[in-house]
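Below is the structure I would like to discuss, written out as structure tokens.
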Amino acid sequence: QVQLVESGGGLVQAGGSLRLSCVASGRIFSINDMDWHRQAPGKQRELVASISSAGITNYVDFVKGRFTISRDNAKNTVYLQMNSLKPEDTAVYYCDALVRQSSSSNYAIHWGQGTQVTVSS
């Protein structure tokens, strides 16, 4: 009933940039936090950045100064601008959103299917 679809991944050389997008659709009353996670081969999924409905952002140390998370509440969309990419940024990037489907329901986490980002050296 709620779908999150990421786009914008691809192959880029080290030092390059990519902009990921994630659109939430379906039965949505409101969205609280929206996040980006990533999972590299053989590693656990890890949080990259988060943004509240009010636009308050948080980043993990290894992306500070390089990545920027933003959102367009009118479009139920979250973005991740990634600059100065490094080979170690190679991973599948997933977005998630804390969604309330009606005025009487609780918030629940919904995930996208992921988009591959590959950074070559």
Side-chain angles (χ1 to χ4, degrees):
Q1 292 183 344
V2 175
Q3 298 82 37
L4 274 72
V5 179
E6 301 99 334
S7 61
L11 174 63
V12 64
Q13 289 188 333
S17 299
L18 284 173
R19 188 190 193 212
L20 306 183
S21 300
C22 173
V23 181
S25 63
R27 187 183 177 198
I28 296 172
F29 178 76
S30 64
I31 302 177
N32 198 333
D33 289 357
M34 301 184 82
D35 310 315
W36 286 98
H37 287 72
R38 70 185 187 187
Q39 186 167 19
K43 295 187 177 181
Q44 290 190 339
R45 191 174 297 189
E46 58 185 359
L47 177 67
V48 174
S50 63
I51 184 167
S52 72
S53 57
I56 298 171
T57 59
N58 282 288
Y59 301 91
V60 295
D61 286 345
F62 55 76
V63 303
K64 283 181 179 178
R66 299 190 299 125
F67 292 8
T68 302
I69 189 171
S70 61
R71 66 190 282 174
D72 184 332
N73 290 333
K75 297 180 179 180
N76 290 335
T77 300
V78 62
Y79 306 96
L80 186 67
Q81 177 67 44
M82 304 186 295
N83 300 327
S84 302
L85 282 161
K86 306 175 181 179
E88 51 264 42
D89 293 319
T90 295
V92 178
Y93 284 71
Y94 299 89
C95 69
D96 74 270
L98 200 57
V99 178
R100 196 178 180 189
Q101 292 188 264
S102 72
S103 60
S104 59
S105 65
N106 294 320
Y107 282 97
I109 296 176
H110 297 267
W111 290 86
Q113 81 291 347
T115 185
Q116 176 70 46
V117 171
T118 303
V119 184
S120 63
S121 57

Are any non-hydrogen side-chain atoms of F62 and E88 less than 4.5 angstrom apart? no
Please report the interatomic distance OG1(T115) to CZ(R38), rounded to the nearest 0.5 Å. 14.0 Å
Are M82 and V12 packed together at the side-chain level, in the sense that at least one heavy-atom pair is separated by less than 4.5 angstrom? no
E6 side, atom CD; D96 side, atom CG - distance, nearest 0.5 Å: 9.5 Å
NZ/K86 to OG/S121 distance, rounded to the nearest 0.5 angstrom? 14.0 Å
Of the options K75, Q1, Q3, which is the one that meets S25 in a side chain to side chain contact (heavy atoms under 4.5 Å, CB included)? Q3
Can you list the residues that meet the salt bridge (charged side-chain N to carboxylate O under 4.0 Å, His left out) rule with D35, with sequence neighbours excluded? none
With side chains defined as the heavy atoms from C-beta onward, is the minimum distance between T90 and Q116 less than 4.5 Å? yes
Can you tell me how far apart CD (Q39) and CD (E46) are? Round to the nearest 0.5 Å. 9.0 Å
Do the non-hydrogen side-chain atoms of W36 and C22 ever get within less than 4.5 Å of each other? yes
Is V117 close to D89 at the side-chain level, that is, under 4.5 Å between some pair of heavy atoms? no
Is the shortest side-chain heavy-atom distance between N73 and I31 below 4.5 Å? no
Please confirm whether the backbone N or O of S84 pairs with a side-chain atom of R66, one donor and one acceptor, at under 3.5 Å? yes
Of all the heavy-atom pairs spanning P87 and A14, show the shortest one and how long it is. CD-CB, 4.1 Å
Shortest non-hydrogen contact between L18 and G8, atoms and distance: CD2-O, 3.8 Å
Inter-residue atom distance M34.CE - L80.CG, 0.5 Å rounding: 12.0 Å
Rounded to the nearest 0.5 Å, what's the gap from CG on L20 to OH on Y94? Could you check? 13.0 Å
Looking only at heavy atoms, what is the nearest atom pair of Y59 and I69, with distance? OH-N, 2.9 Å
Checking the side chain of R71 only, and the main-chain atoms of S52 only, is there a donor and an acceptor separated by less than 3.5 Å? yes
What do the steps show when you test F67 against L85 for side-chain contact (heavy atoms from CB on, under 4.5 Å), and what is the final call? CA-CA 9 Å; F67 292 8; L85 282 161; 3.8 Å; yes
Would Y107 and R100 count as a side chain to side chain donor-acceptor pair (under 3.5 Å) if you check the C-alpha gap in whole Å, the side-chain angles of each, and the deciding distance to 0.1 Å? CA-CA 4 Å; Y107 282 97; R100 196 178 180 189; 4.5 Å; no
